[in-house]
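The block underneath contains the structure these notes are about, expressed in structure tokens.
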Amino acid sequence: MKIGINGSGQLAHPNLDAIVTDVGQSEVAGFASYWLAQTALADSLAVLAIAGRATSNIELGTAVVPTWTRHPEVMAAGALTAQAASNGRIVLGIGLAHQPSVEGRWGMKWTRPVKHMSEYLAILDSLLETGTASLQGEVWSLEQQATLMTDDKPLVMVAALGEQMLKMAGKRTDGTILWCVGPKTLEQQIVPIINDAATEAGRPTPRVVCSLPVCVTDDVRPTTEFVGKMLEGYATLPSYRSMLDIEGVRGVEEISLIGDEDTVNAGLDAIAAVGATDFTAVVIPDKDGPARTMDLLQART
């Protein structure tokens, strides 16, 4: 299982130079990948494009960019630009987001999400592959013929939790990017559905990218309480709630990897054993900082 860093927390107070430095330090430390969410007023693909010019081998991924706010033509343009800037190291992770965000923040209608993603992928994949698209869909439409900035198509992954989305991801993309998912859910839900779908479609085994908070510490309680408070909203979203229910836990803090070195290593081993191909750590510092956590993660690269 490849180990990467999820630096999305940096976007709470976005500083371009700091993020690019963090990506560079992650590369030097030997991490396989670095991931950013699309959040606040920082453009994750643009940031990764800039980081791509300052690094040489670390994979750069979005985890994830919501589809509702970007027409697939705009998404393709950003991904191809970042792919060219990084010499072919982009993983374009996209997702549906959630009904409260779509309707409450963006004022859009949460309707037919599976059809939404199916048409989105049809246009996006065609643009990334050939620069052309021709679809008059029920949700998304485009007639386009353009020159590609690069012929090196970026990998595409979809944040998928439910059966329909996992099957779509397995049949049509390079894998899935997960959040709020522990080893029971990986074993019982995620891995078998997406792998079977890929096999049925004659595609290679998809990547399964798992991401959770990680903190190596001897003082477990305050870190666990901090993570629980910080991420309590996720437990109220139906898609994540169903995944946490499979794990038999109330909140993300209960499946986070928090504890001493043996505890965290055992958690990572359990995730790898049930089929995750990648793990991207959201590093949570304890009162003494992130050094122990980073040392453990680096030792596993």
Side-chain angles (χ1 to χ4, degrees), residues 33 35-38 43-46 48-49 52 59-97 102 106 108-177 193-209:
S33 57
W35 303 76
L36 285 176
Q38 176 57 45
D43 188 308
S44 58
L45 275 169
L48 293 177
E59 187 175 62
L60 304 167
T62 56
V64 295
V65 183
T67 54
W68 297 82
T69 56
R70 295 195 189 194
H71 190 280
E73 182 179 28
V74 177
M75 188 78 79
L80 288 165
T81 302
Q83 182 78 332
S86 65
N87 293 315
R89 289 180 281 133
I90 293 295
V91 179
L92 176 62
I94 62 175
L96 287 168
V102 172
W106 301 321
M108 300 175 178
K109 295 292 186 183
W110 176 267
T111 56
R112 308 187 70 183
V114 175
K115 171 64 74 172
H116 167 116
M117 183 57 77
S118 180
E119 292 183 357
Y120 199 99
L121 282 173
I123 295 173
L124 178 67
D125 192 61
S126 183
L127 289 174
L128 295 177
E129 185 75 38
T130 68
T132 66
S134 179
L135 178 68
Q136 295 300 312
E138 298 175 34
V139 182
W140 299 103
S141 298
L142 181 67
E143 297 293 335
Q144 173 64 285
Q145 185 171 353
T147 302
L148 293 171
M149 182 173 286
T150 173
D151 292 328
D152 189 1
K153 179 185 176 184
L155 298 179
V156 177
M157 298 187 191
V158 171
L161 298 174
E163 182 176 0
Q164 292 186 80
M165 291 298 296
L166 283 165
K167 287 182 176 179
M168 190 186 304
K171 291 178 179 179
R172 298 173 59 183
T173 78
D174 298 294
T176 187
I177 302 167
I193 294 175
I194 195 171
N195 283 357
D196 286 350
T199 299
E200 181 181 334
R203 293 181 63 92
T205 301
R207 285 172 62 180
V208 175
V209 182

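Note: hydrogens, waters and symmetry copies are ignored here, and every other heavy atom, side chains too, is used.
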Taking Gln83 for its side chain and Ile90 for its backbone only, find out whether a donor-acceptor pair lies under 3.5 Å.
-> yes
Do the non-hydrogen side-chain atoms of Ile194 and Pro206 ever get within less than 4.5 Å of each other?
-> yes
Does the side-chain contact (heavy atoms from CB on, under 4.5 Å) test come out yes or no for Glu73 and Ile123, once each step is laid out?
-> CA-CA 8 Å; Glu73 182 179 28; Ile123 295 173; 5.8 Å; no
In terms of heavy-atom contacts, does NZ of Lys167 have more than 12 from other residues, nucleotides or ligands at under 6.0 Å?
-> no
Intermediate values then yes/no, side-chain contact (heavy atoms from CB on, under 4.5 Å), Asp125 and Lys153 = CA-CA 9 Å; Asp125 192 61; Lys153 179 185 176 184; 2.3 Å; yes
Compare every heavy atom of Met75 with every heavy atom of Val65, then report the nearest pair and how far apart it is.
-> CG1-CE, 3.5 Å
Donor-acceptor contact present, side-chain Arg207 to main-chain Thr176, <3.5 Å | no
List the steps and the verdict of salt bridge (charged side-chain N to carboxylate O under 4.0 Å, His left out) for Glu200 and Arg172.
-> CA-CA 11 Å; Glu200 181 181 334; Arg172 298 173 59 183; over 6 Å; no
Does any non-hydrogen side-chain atom of Gln164 lie less than 4.5 Å from one of Met168?
-> no
Do the side chains of Leu142 and Leu127 get nearer than 4.5 Å, heavy atoms only?
-> yes
Thr130 (side chain) donor-acceptor with Ser126 (main chain) under 3.5 angstrom | yes
Does the Glu119 side chain pair with the main chain of Val139, one donor and one acceptor, at a distance under 3.5 Å?
-> yes
Is there a side-chain hydrogen bond (donor to acceptor under 3.5 Å, both in side chains) between Glu143 and Ser134 once you walk through the steps?
-> CA-CA 5 Å; Glu143 297 293 335; Ser134 179; 2.9 Å; yes
Are the side chains of Val91 and Val156 in touch, meaning some heavy atoms are under 4.5 Å apart?
-> no
Verify, without hydrogens or angle tests, whether Gln38 (side chain) and Ser44 (backbone) share a donor-acceptor contact under 3.5 angstrom.
-> yes
Is there a donor-acceptor pair under 3.5 Å between the side chain of Thr173 and the backbone N or O of Gly175?
-> yes
Thr62 side chain to Gly93 backbone, donor-acceptor under 3.5 Å | yes
Closest heavy-atom contact between Ala198 and Pro204?
-> CB-O, 3.7 Å
Got a donor-acceptor contact below 3.5 angstrom from the Ser118 side chain to the Val114 backbone?
-> no
Starting at CG of Leu48, measure out to CG of Leu60 and round the result to the nearest 0.5 Å.
-> 5.5 Å
Can you find a heavy atom in the side chain of Ile177 that is under 4.5 Å from one in the side chain of Val158?
-> no
Under a 4.5 Å cut-off applied to non-hydrogen side-chain atoms, are Leu92 and Leu45 in contact?
-> yes
Of all heavy-atom pairs linking Met157 and Asp174, the shortest is CG-C, 4.2 Å
Are the side chains of Asn195 and Thr205 in touch, meaning some heavy atoms are under 4.5 Å apart?
-> yes
Flag side-chain contact, heavy atom, 4.5 Å: Thr132 against Gln144 = no
Check step by step if salt bridge (charged side-chain N to carboxylate O under 4.0 Å, His left out) holds for Asp196 and Lys171.
-> CA-CA 9 Å; Asp196 286 350; Lys171 291 178 179 179; over 6 Å; no
Evaluate the side-chain contact (heavy atoms from CB on, under 4.5 Å) criterion for residues Leu128 and Leu148: first the C-alpha distance (whole Å), next the side-chain angles of each, then the deciding distance (0.1 Å), finally the verdict.
-> CA-CA 8 Å; Leu128 295 177; Leu148 293 171; over 6 Å; no
Could you list all the ring pair (Phe, Tyr, Trp, His ring centres under 6.0 Å) pairs where at least one residue sits in residues 124-175, not counting sequence neighbours?
-> His71-Trp140, His116-Trp140, Tyr120-Trp140
Passes side-chain contact (heavy atoms from CB on, under 4.5 Å), Trp35 versus Val209? Steps please.
-> CA-CA 11 Å; Trp35 303 76; Val209 182; 4.2 Å; yes
Residues Ala97 and Val102: closest non-hydrogen pair is CB-CG2, 4.5 Å
